[in-house]
Participant: 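Mind looking over this structure? Questions follow.
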2 protein chains.
Amino acid sequence: MQQKRTGSRTLAGDAYEAIRQAIGAGDFKPGDRLRFADLQALCDMSVTPVREALARLTAEGFTVLDDHRGYSVAPLSLAELRDVTATRQLCEGEAVRLSVLNGDADWEARLVAAHHLMARIPQVRDDMPTAMREDWEARHATFHAALVSACGSPVLLEICEKLFSRADRYRRLSVSLSGGARDVAGEHRRLVELALARDAEGAASALREHYGLTAAALEGFFAV
Amino acid sequence: MQQKRTGSRTLAGDAYEAIRQAIGAGDFKPGDRLRFADLQALCDMSVTPVREALARLTAEGFTVLDDHRGYSVAPLSLAELRDVTATRQLCEGEAVRLSVLNGDADWEARLVAAHHLMARIPQVRDDMPTAMREDWEARHATFHAALVSACGSPVLLEICEKLFSRADRYRRLSVSLSGGARDVAGEHRRLVELALARDAEGAASALREHYGLTAAALEGFFAV
DNA sequence: GAGTCAACGATTTTCGAAAATCTTCTCCAT
DNA sequence: ATGGAGAAGATTTTCGAAAATCGTTGACTC
C-alpha cells in the first residue's frame with residue numbers, strides 16, 4: 001500500500017480530512033457505524049492511522065466511540081442543534097465582542113477581505129454546482145473565523161472553531177430551505193458594518209441573532 | 001505482556017488514566033517530551049493504546065502533538081492561565097446561572113452532598129498526606145461539577161469539564177501558597193448559599209470572583 | 001413455549017516489527 | 001572558524017496479523 005500524502009504530514013492527518021469530508025458530504029449518515037474495514041478501503045491505508053483520525057474526530061464531536069463496538073457518526077438532533085446554537089451565542093458572542101474591542105487595522109483588513117470573497121459568490125442555492133457550494137462554505141467559515149480572530153483568547157477561539165464545525169453539520173444538512181425569506185448576505189454585511197463601527201455590543205447581538213435565525217431555519221428538518 | 005484492565009474497558013482507557021495521572025503528579029513536567037518507549041514501560045503495553053491515549057489527552061489540552069516529533073506535555077504559562085480563567089468565567093459563570101434557574105430538588109441535593117463531602121476534609125495543606133490531598137481534589141472537582149450540572153446544556157457542560165481539568169493543572173502546581181489570606185472554604189460555602197437561595201446572578205458573580213481569586217493566587221508562580 | 005448457554009462469525013483492539021522521518025554528529029570544503 | 005552534505009542513531013509512524021470482545025444463532029432444558 002503506502003501511498004503519497006495529500007496535504008498533511010501524516011497519513012493520520014489525511015485520514016482525518018477524508019473521513020470528515022465523507023461525513024460532511026453525506027456518504028455516512030448520522031448514526032451510521034464506521035467500520036474499520038470500510039474506512040481502510042476509503043483511505044487506502046492500515047488501521048492505525050484510521051484509528052487516530054477517529055480519535056480526533058470524536059474529540060471534536062463528529063463521531064462517537066462505544067467501547068468494543070467501535071465508532072459511529074454522531075447523531076443529529078433538534079435538542080443538540082438548540083444546545084450548540086445557545087452555546088455558540090454565548091461563546092462566539094463574547095468572542096466577537098472582544099474582537100471588536102481589541103481588533104486593530106490588520107483585523108479590519110482580514111475581515112473586509114474575507115467578507116468580500118464570500119460575497120462574490122451570489123447565493124447558496126440547491127442548483128449550484130457542488131464545487132461552488134463547497135467553495136462558499138469554505139469562505140463562509142473563513143469569514144466567521146476572521147470575525148472573532150482578534151479576541152485575544154486562544155482558548156475561546158478553539159472553542160468557537162469546534163462549535164462552528166459542529167453547527168456546520170446541521171447547516172449542510174439543508175442547503176435548500178434557507179433560500180426563502182431570509183437575507184443571509186444582509187446579515188453578514190451588517191456584521192461587518194457594526195464591527196468596523198466598533199460597536200462591540202451591537203456586533204455581539206447581531207451575531208447571536210444571526211445564529212438564532214439560522215437555527216430557526218433548520219428546526220423544520222426535525223419536525224418529523 | 002497483556003495485563004488485566006484496571007477500570008476502563010480498554011487498555012487505551014487505562015493508558016489515558018495512567019498518563020494523565022503521571023502528568024498531574026508531576027512525573028512529567030510541562031514541556032517534557034513524551035517518548036513512546038517510556039510510556040510503554042510505564043503502562044506496560046504496546047504502542048497502539050498509548051497512541052490512542054495521547055490523542056485523547058491532546059484533544060483535552062494536556063499534551064501537544066508535533067508531527068513526526070511526537071507528543072509532549074503542554075506547557076504552562078501565565079498567558080494561558082489568564083486565558084483559561086477568563087474563558088472559565090464566561091462559560092462556567094453562564095452554566096451556574098442556568099443551573100440555578102433550571103435546577104430542581106435533586107440538583108440541590110447533589111450540590112449539598114458534594115459540598116459536605118468536600119468540607120469534611122479540613123483544608124488543603126502541604127503537610128497533608130498525598131492520598132488525602134488527592135481525595136480532596138476529587139471531591140473539589142465533583143463539587144464544581146455538581147454546581148453546573150443542572151444547566152441543561154450538555155455541550156456547555158463538556159466545555160466546562162475540559163476547562164476545569166485544564167485549570168486543574170495550574171492549581172496542582174501550587175498546593176502550598178493558597179493557605180494564606182484566602183478563605184476558600186468560605187467561598188465554596190457562599191456559592192452553595194447563593195445557589196440554594198436561587199440567586200442566579202449572584203451565584204454567577206461569586207463563581208467568577210472565585211476563579212479570579214484562584215488565578216490571582218497562582219500568578220506568583222510565573223513572576224520568575 | 002420461554003429461557004439459558006455455548007459456540008460461531010463479525011469487528012474491534014492490541015501487538016511486535018518494519019518503514020519513514022527527524023536529529024545529531026562527523027567530515028570536508030570554503 | 002563557518003557552513004553544508006551526508007551518514008548514523010533515535011524516535012515516530014505505519015503495517016499486517018493475532019488476540020480479545022461483542023452480538024447472534026441455534027441447540028438444549030424446564
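Note that the structure is a prediction, hence the values are computed from the model and not measured. A note on names: the letters A, B, ... follow the listed sequences, proteins ahead of strands, and every chain is numbered from 1.
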Participant: Have a look at A/E134 and tell me which of A/Q21, A/R172, A/R139 forms a side-chain hydrogen bond (donor to acceptor under 3.5 Å, both in side chains) with it.
Facilitator: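 By the side-chain hydrogen bond (donor to acceptor under 3.5 Å, both in side chains) criterion, A/E134 pairs with just one of A/Q21, A/R172, A/R139: A/R172.
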
Participant: Let's see if you can work this out: which of D/dC15, D/dT13, C/dT13 has an atom nearest to the side-chain heavy atoms of A/V47?
Facilitator: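 Side chain of A/V47 sits closest to C/dT13.
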
Participant: Please give, in whole Å, the distance from D/dT11 C1' to B/D66 CG?
Facilitator: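 One finds 13 Å between C1' of D/dT11 and CG of B/D66, rounded.
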
Participant: Strictly distance-based, threshold 3.5 Å: is any side-chain N or O of A/H68 a donor or acceptor partner for the main-chain N or O of B/R9?
Facilitator: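 Looks like yes, one N/O pair under 3.5 Å.
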
Participant: Just how far, in rounded Å, is C1' of C/dC15 from CG of B/D44?
Facilitator: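 In whole Å, C/dC15 C1' and B/D44 CG are 12 Å from each other.
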
Participant: Could you check whether B/L39 gets within reach of a base, just the sugar-phosphate, or nothing at all, counting any heavy atom under 4.0 Å?
Facilitator: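 Touches nothing.
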
Participant: Using the side-chain contact (heavy atoms from CB on, under 4.5 Å) rule, take A/I23 and A/R169 through it: C-alpha gap first, then chi angles, then the decisive distance, then the call.
Facilitator: CA-CA 9 Å; A/I23 292 175; A/R169 293 188 63 211; 4.2 Å; yes

Participant: Quick check for you: among C/dG16, D/dT11, C/dT12, whose closest atom lies nearest to any side-chain atom of B/R35?
Facilitator: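 Output: D/dT11.
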
Participant: Expressed as a whole number of angstroms, how long is the span from B/Y71:OH to D/dT11:P?
Facilitator: 17 Å

Participant: Angle class for the B/H140/B/H188 ring planes (parallel below 30°, perpendicular above 60°, tilted otherwise)?
Facilitator: tilted

Participant: Do A/L117 and A/T142 have side chains that get closer than 4.5 Å, going by heavy atoms?
Facilitator: no

Participant: How would you label the contact of A/L54 with the nucleic acid (heavy atoms, under 4.0 Å): base, sugar-phosphate, or nothing?
Facilitator: nothing

Participant: Please give, in whole Å, the distance from C/dT11 C1' to A/Q40 CD?
Facilitator: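 About 11 Å, once rounded to whole Å.
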
Participant: Starting the side chain at C-beta, find the nucleotide from D/dC15, C/dC15, C/dT14 nearest to A/R51.
Facilitator: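 So the nucleotide nearest the side chain must be C/dT14.
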
Participant: Between A/E52 and A/D67, who's closer to the 5' end of DNA chain D by nearest nucleotide?
Facilitator: A/E52

Participant: Within the 4.5 Å heavy-atom criterion, are B/E52 and A/L65 side-chain neighbours or not?
Facilitator: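 Yes, side chains in contact.
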
Participant: From CE of B/M45 over to P of D/dA18, roughly how many Å is that when rounded to an integer?
Facilitator: 22 Å

Participant: In whole angstrom, what separates A/R9's CZ from D/dT14's P?
Facilitator: 12 Å

Participant: Starting from C1' on C/dT14, measure out to OH on B/Y16 and report it in whole angstrom.
Facilitator: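 Taking atom C1' of C/dT14 as the reference, OH of B/Y16 is at 21 Å.
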
Participant: Between atom CG in A/L65 and atom P in D/dT21, what is the gap in whole Å?
Facilitator: 16 Å

Participant: Less than 4.5 Å apart, side chain to side chain, heavy atoms only: is that true for A/L147 and A/S99?
Facilitator: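 When only atoms from C-beta onward are counted, A/S99 and A/L147 do not touch, as no gap falls below 4.5 Å.
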
Participant: If you only use heavy atoms from C-beta on, which nucleotide in C/dT13, D/dT13, C/dC15 is closest to the side chain of B/F36?
Facilitator: D/dT13

Participant: Each nucleotide N or O in nucleotides 23-25 of chain C that has a protein N or O under 3.5 Å away: list the pair and distance.
Facilitator:
unit_1 : atom_1 : unit_2 : atom_2 : d
C/dT23 : OP1    : B/R69  : NE     : 3.2
C/dT23 : OP1    : B/R69  : NH1    : 2.4

